[in-house]
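Only one structure is covered here, and it is reproduced in the block below.
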Amino acid sequence: MNVLIITACPNGQVTSVLCSRLLQAAAERLGWSTQVEVHDPKAIGSPLSDADIAAAQLVLVVKTGELDLQRFVGKRVVQSTPSEALADPKQFLRVAAEQAQVLENVAPVAAASASDKPRLVAITACPTGVAHTFMAAEALQQAAEQLGFDLKVETRGSVGARNLLDEASIAAADVVLLATDIEVETDRFVGKKVYRCGTGVALKQPKQTLQKALAEAAPLQGTGQSQTADSAKSGSKSGPYKHLLTGVSFMLPMVVAGGLLIALSFVFGIEAFKQEGTLPAALMKIGGEAAFALMIPVLAGYIAYSIADRPGLAPGMIGGMLASALGTGFLGGIIAGFLAGYLALALNRWLRLPQSIEALKPILLIPLLASLVTGLAMIYVIGTPVAGIMAALEVFLQNMGTTNAILLGLLLGGMMCVDLGGPINKAAYAFSVGLLASQSYAPMAATMAAGMVPPIGMAIATVLARRKFSQTEREAGKAAGVLGLCFISEGAIPFAAKDPLRVIPASIAGGALTGALSMYFGCKLMAPHGGLFVLLIPNAINHALLYLLAIVAGSLVTGVVYALIKRPEVEALTVAAKA
């Protein structure tokens, strides 16, 4: 039997080649003659000639997504997927020969798709994976519906990936939109047109983001290691800031678990963990000696991973472990992560080897050389001065006077409310989270308290000045209040986007007051997330009532100030109409 084998798996080049090779080998074992065509720009597969098609007795099409089959009209054709073809190639061929049917006239794919609405797939991901991830996804889906686009969104939040994109959806998509503040795996999108932006941009300008994605997306080349360069072309936030947030996002579970386990050990007494063999000692060992010990290596490892992909992970974690052992704290971990990442990236790009041993580079040479250089630099150059800086910072934080504490609280509290989850907010948050590794818990308390103020303040304002808000805004106020209690500052974004010149100053005033009061009261928080619900865990925070007082005071200031300066909805609409 003369058989044509066509494979078309654009989202997985290896799959295309593997299907063609295995099916061809199975056909030859059956005594069939074959011609192969692989639809993949990187694979070897000559286009079939008209003579090949005319002579064929059977056409096997293994594909994901759309493929023009017009040239096979009148031939016996079987269409299938890679998973079915690879399960048992020989049996697949036998069944295909029995079930093949003559292909009747079909519309060309190009003509059919021209009238179809644009197809996009997207991924949203933010450092904490709580608010921006899902709010951006919802905003994009609503905008796509209004624009008449076909959009599927995969969210990578704190609970893991949801609504995973399947191979068929990726293959059929015109554009892949990556609305992410951290690095995500992109190997499955190689060869597709990709556009990158931050979650904040997608949340505030969803329609423009989708339109720019269709207009400006560029093909993703190579492996995920080219992400940084590609993202820079697409205008997204990249570089050191994004790499740092990637490290922080992977470190957060360690911080949360470790901090809360340490807090639980204090339930039995502040020094109960010192008695060997007891439950408090076990909790302290798990939280303090295991989870907290992994914080800095994970931070450094995933900063390096964000920069250089998998080859950077090992040297980054080794550098982070050395940073922890040398007492350089989170600052040393950040330096080690960037050093290891850029070393691994440079080695990957510039180290040229014979093709026969090229495979050794990512598993042997890059980890070895990058770990060696990073380790020596940490031990002999970076470790001592950075450890001195961290020791001085810890002494300052532990012994600072009331005035300095208030000023630090004012600064952190104000930063948390400037951009509601943006770069300034994340900078203050990352600083406070990093200090947890050095057992400095007061900045974290001030940061989380201030971050709750804007959405709670907006909820208060919608109650105090009910007539100034539309019904939609009043409903948004209720949702904002709940989000605020959960430490999701993004709950105030709908208000800030509509009236930034009033919402932002009112939020900063309340957040700065809350941060200052928290530091003045000496509040210390073990966990970096959870909002007021962390208070349900004994000893997760000290001075709980004073901590609540700080949050209430700042929220009232924000709510009252905005209620007073808020322009009534009818008046605002009139002014807008005149403009």
Atom CE of Met321 with >12 non-hydrogen neighbours under 6.0 angstrom: no
Salt bridge Glu154-Lys152, side-chain N to carboxylate O under 4.0 Å: no
Atom pair CD1 (Ile5) and CG (Leu22), whose distance is rounded to the nearest 0.5 Å: 10.0 Å
Spacing of Leu203 atom CG and Met135 atom CE [to the nearest 0.5 Å]: 5.0 Å
Test log, rule side chain to side chain contact (heavy atoms under 4.5 Å, CB included), inputs Ile508 and Val418: CA-CA 6 Å; Ile508 291 174; Val418 169; 3.9 Å; yes
Note, Asp166 side chain near Ile170 side chain (heavy atom, < 4.5 Å): no
Ser440 side chain to Leu436 backbone, donor-acceptor under 3.5 Å: no
Short side-chain to backbone donor-acceptor contact, Lys192 and Ala171, under 3.5 Å: yes
Passing option when Ile6 is tested against Glu37, Lys63, Gln79 for side chain to side chain contact (heavy atoms under 4.5 Å, CB included): Glu37
Ile307 and Phe338: CA distance, side-chain angles, deciding distance, side chain to side chain contact (heavy atoms under 4.5 Å, CB included) verdict: CA-CA 8 Å; Ile307 296 169; Phe338 280 107; 3.6 Å; yes
Check: Lys361 side chain, Leu351 main-chain N or O, donor-acceptor pair, under 3.5 Å: yes
Carboxylate-amine/guanidinium contact Arg196 Glu216, below 4.0 Å: no
Sole residue of Thr34, Leu60, Val59 in side chain to side chain contact (heavy atoms under 4.5 Å, CB included) with Leu4: Val59
Plane angle bin for Phe250 and Tyr302 - parallel if under 30°, tilted between 30 and 60°, otherwise perpendicular: parallel
Phe189 side chain reached by Leu178 side chain, heavy atoms, under 4.5 Å: yes
Student check: side-chain heavy atoms of Thr186 and Val194 closer than 4.5 Å: no
Close side-chain approach of Leu347 to Leu365, heavy-atom, < 4.5 Å: no
Any donor-acceptor N/O pair, Ser489 side chain to Gly451 backbone, under 3.5 Å: yes
Atom CD of Gln208: over 12 foreign heavy atoms under 6.0 Å: yes
Closest non-hydrogen atom pair, Ile296 against Phe330: CD1-N, 3.8 Å
Check: Tyr441 and Leu525 side chains under 4.5 Å, non-hydrogen atoms: no
Lys207 and Phe149: CA distance, side-chain angles, deciding distance, side chain to side chain contact (heavy atoms under 4.5 Å, CB included) verdict: CA-CA 10 Å; Lys207 288 185 179 180; Phe149 293 176; over 6 Å; no
Nearest heavy atoms of Ala323 and Gly332, plus distance in Å: CB-C, 3.6 Å
Ser432 side chain vs Ala428 backbone, donor-acceptor pair below 3.5 Å: yes
Spacing of Met526 atom CE and Leu261 atom CG [to the nearest 0.5 Å]: 11.5 Å
Shortest non-hydrogen contact from Val38 toward Val36: CG2-CG1, 3.9 Å
Chi angles and distances behind the side chain to side chain contact (heavy atoms under 4.5 Å, CB included) call for Thr209, Leu177: CA-CA 9 Å; Thr209 299; Leu177 169 61; 4.0 Å; yes
Test item: Ser49 side-chain N/O and Asp52 main-chain N/O as donor-acceptor pair under 3.5 Å: yes
Sidechain-backbone polar pair: Asp419 side chain, Asn425 backbone, donor-acceptor under 3.5 Å: yes
Close side-chain approach of Leu147 to Gln211, heavy-atom, < 4.5 Å: yes
From Gln24 atom CD to Thr7 atom OG1, the distance as rounded to the nearest 0.5 Å: 10.5 Å
Reported CG-to-CZ distance for the pair Leu23 and Phe92, which is rounded to 0.5 angstrom: 6.0 Å
Nearest non-hydrogen partners of Pro311 and Pro362, listed with the distance: CG-CB, 4.4 Å
Lys242 side chain to Thr180 backbone, donor-acceptor under 3.5 Å: yes
Nearest heavy atoms of Ala300 and Gly333, plus distance in Å: CB-O, 3.2 Å
Within-4.5 Å side-chain heavy-atom neighbours: Leu151 and Val121: no
Check against salt bridge (Lys or Arg N to Asp or Glu O under 4.0 Å), Glu28 and Lys90: CA-CA 10 Å; Glu28 289 174 355; Lys90 198 171 182 179; over 6 Å; no
Interatomic spacing from CG in Leu435 to CE in Met390 - rounded to 0.5 Å: 6.0 Å
Result of checking Asp174, Asp150, Val153, Leu210 against Leu120 for side chain to side chain contact (heavy atoms under 4.5 Å, CB included): Leu210
Ser169 (side chain) donor-acceptor with Leu165 (main chain) under 3.5 angstrom: no
Side chain to side chain, Arg156 and Leu164, heavy atoms closer than 4.5 Å: yes
Minimum heavy-atom distance Gly383-Thr328, with the two atoms named: O-CG2, 3.3 Å
